[in-house]
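Here is the structure we will look at, set down as structure tokens.
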Amino acid sequence: MSIYDDMLSDEEYLKKYGLKRNPFDKISAESMTTEEITKMHVVTAADKKIASNLSTIINGGSATVALIGEYGSGKSIRASSIKETLIRKDAFVFYTKLPGGSPGIVTYALFESVCIPIMNEKNAPDDLKELAKKLWEKYREVNSMPESKFKPYEAGQDLASLFKKISENDYLSGLVIDEFEEIIEASIQREIRKTFEILREYFSHAVGISGHITIICSTPNAWASLKEIHPAVATRVHVEIEFKPVSDKIAIEIVRKRLGVFRPSKPDSLDPFDEDIISQVNKEYATGNPRMLLLVLRSILDVTAQNKLNHANLDSVKEGVEFAREKLKDAQSERIKQILTPKMRDILEVIIGEKDGGPIVGTALADELGMDQGNLSRYLNQMAALNFLNKHRDGRIVSFEIKPELRLIFAEELGLTET
Ligand SMILES: Nc1ncnc2c1ncn2[C@@H]1O[C@H](COP(=O)(O)OP(=O)(O)O)[C@@H](O)[C@H]1O
Ligand SMILES: [Mg+2]
């Protein structure tokens, strides 16, 4: 017996199920290779729609597509696969996550993610390289440009001109904007219109470019606020593909495939789970969210192994769910801590502490908070876009409510003790 034996044995705990490691450890799209994504993917209705839009542009058309779904619904794995598909067709594809912030910051990020790769691509046509260089010269300084000189519509047109040039050289192209909600979450409302103006102009010009596709990934709340703040942007996105909660059948297939990749000897086995347990977890705890499903199963698998059970049972589910919730709560509190401004804290304190979480009519709290109605309503809308609040509209009356799953986290963060 050596001092390390005890520590090593932990890695062996999944051997019982023929697994070398926990198949649910790698969950974010970023941590997975294209091969892994492909091997673990279960095709859904959304994939068929994506494929049909890819066909359109491969056959010389153009497309602008929004992938809309909650965190963890599977947008980024699609974005990554779209990119891969196009790269295999020798396309110029650019993937970007736009930071929130001033329109200048967004513009810089957009041109950086398109111009630099073109300039570095040795096989890029000369005229395209030249244009990329010229535009990068122009926009790398965007943050020190005086406000009067920065023209959002021009930036949008310039961006589209790069794709036009690619198309004139007979190449396919794609621009993937992932985590679009970031723009809304981290930008000041007053400035966001300019950012949207860039996008509006880009979309207007991109629509005629043969062989070009733009993909935007967004949460439903952020997409809804885009439609409200700047409907002219949203109407230029012709295809919206919504990621609905996955059915139990799809959930079971997702788990089967993932286990299969990590346990090639038994490719179809769900061991130590079974269909009933996966269905239960999918319905009750994951509510059809693939990421949540995998997160919870990761903990259930750990618990099942630690308790040396041959099969996961109701107790392992319960214990695993508890464990996963704790971990999730930590991650969410971290995010919330970073985003909450003092004003938002004031507002949430009233909604949670005095109004039982809502729903409250948007403008009714203005007096109590000493804010004017317009200002309050801007904050409430921003918090809806941030996925903190749910927004309901009934005719002309708009009300807001804390997202039930976040209520406890907020209460703790704000120091409001709840029973
Ligand atoms: N149809 C599917 N088949 C297999 N795995 C899926 C599917 N949809 C989602 N997933 C898994 O869910 C997780 C979250 O997906 P991701 O693309 O990161 O979500 P989002 O970008 O919407 O937050 C990933 O681990 C992914 O592999
Ligand atoms: Mg994502």
Side-chain angles (χ1 to χ4, degrees), residues 21-51 65-85 95-100 113 175-186 215-223 240-263 267-268 270 273 278-279 281-282 285-301 324 327-328 331-332 335 385-387 403 405:
R21 45 174 290 197
N22 194 322
F24 309 105
D25 270 345
K26 271 194 191 181
I27 293 184
S28 78
E30 289 78 11
S31 68
M32 295 162 70
T33 65
T34 317
E35 283 72 38
E36 285 171 333
I37 291 179
T38 309
K39 276 196 272 180
M40 294 181 196
H41 193 70
V42 176
V43 172
T44 67
D47 292 305
K48 299 194 176 124
K49 293 183 199 159
I50 291 172
V65 179
L67 305 184
I68 301 173
E70 298 290 353
Y71 293 113
S73 58
K75 304 178 297 296
S76 290
I77 49 166
R78 266 68 174 211
S80 160
S81 303
I82 291 167
K83 181 177 166 193
E84 193 59 26
T85 309
Y95 174 95
T96 178
K97 287 182 186 172
L98 294 182
S113 52
L175 176 62
V176 181
I177 301 177
D178 201 355
E179 296 181 10
F180 177 78
E181 62 274 5
E182 271 294 309
I183 301 187
I184 295 189
E185 292 180 1
I215 304 277
I216 297 171
C217 305
S218 172
T219 61
N221 273 343
W223 197 247
E240 286 180 7
I241 299 176
E242 221 185 304
F243 289 79
K244 304 224 172 69
V246 296
S247 64
D248 292 350
K249 198 165 151 250
I250 299 255
I252 291 165
E253 283 325 300
I254 289 178
V255 177
R256 199 190 302 279
K257 278 210 162 169
R258 219 169 230 267
L259 284 166
V261 169
F262 286 81
R263 189 170 49 198
D268 292 325
L270 290 172
F273 305 112
I278 297 168
S279 302
V281 171
N282 186 50
Y285 305 105
T287 55
N289 185 297
R291 177 167 173 270
M292 197 64 83
L293 173 76
L294 299 173
L295 272 176
V296 174
L297 289 178
R298 171 166 77 188
S299 296
I300 297 177
L301 180 60
K327 279 206 266 190
L328 207 68
Q332 279 173 333
R335 170 173 176 261
L386 284 166
N387 253 329
K403 280 219 161 200
E405 65 271 28

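Only this structure's heavy atoms are used, side chains among them; waters, hydrogens and symmetry mates stay out. For ligands, and for the atoms within them, numbers begin at 1 and follow the listed sequence.
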Distance-only, no hydrogens or angles: does the S81 side chain make a donor-acceptor pair with backbone N or O of I77 under 3.5 Å? yes
One thing to verify: whether E36 and K26 come together as a salt bridge, which I'm taking to mean a side-chain N less than 4.0 angstrom from a carboxylate O. yes
Sequence-distant partners of E253, salt bridge (charged side-chain N to carboxylate O under 4.0 Å, His left out), two or more places apart: R256
Please examine the side chains of F243 and N289, heavy atoms only from C-beta on, and report whether any two atoms are closer than 4.5 Å. no
So what's near the Mg ion (ligand 2), protein N, O or S atoms under 2.8 Å? S76 OG
For E242, enumerate each residue passing the salt bridge (charged side-chain N to carboxylate O under 4.0 Å, His left out) test, keeping only those at least two apart in sequence or located in another chain. none
Say whether S73 and R78, considering side chains only, have a donor N or O and an acceptor N or O under 3.5 Å apart. no
Can you see whether W223 engages E181 through a side-chain donor-acceptor pair at a distance of less than 3.5 angstrom? no
List by chain and number: which residues place a heavy atom under 4.0 Å from ligand 1? I27, A29, M32, M40, H41, V42, T44, E70, Y71, G72, S73, G74, K75, S76, I77, R78, I254, R258, P290, R291, L294
salt_bridge(E240, K49) N-O dist < 4.0 Å: no
Taking NZ, NE, NH1 and NH2 as the nitrogens, is one of them in K75 or D178 under 4.0 Å from a carboxylate oxygen of the other? no
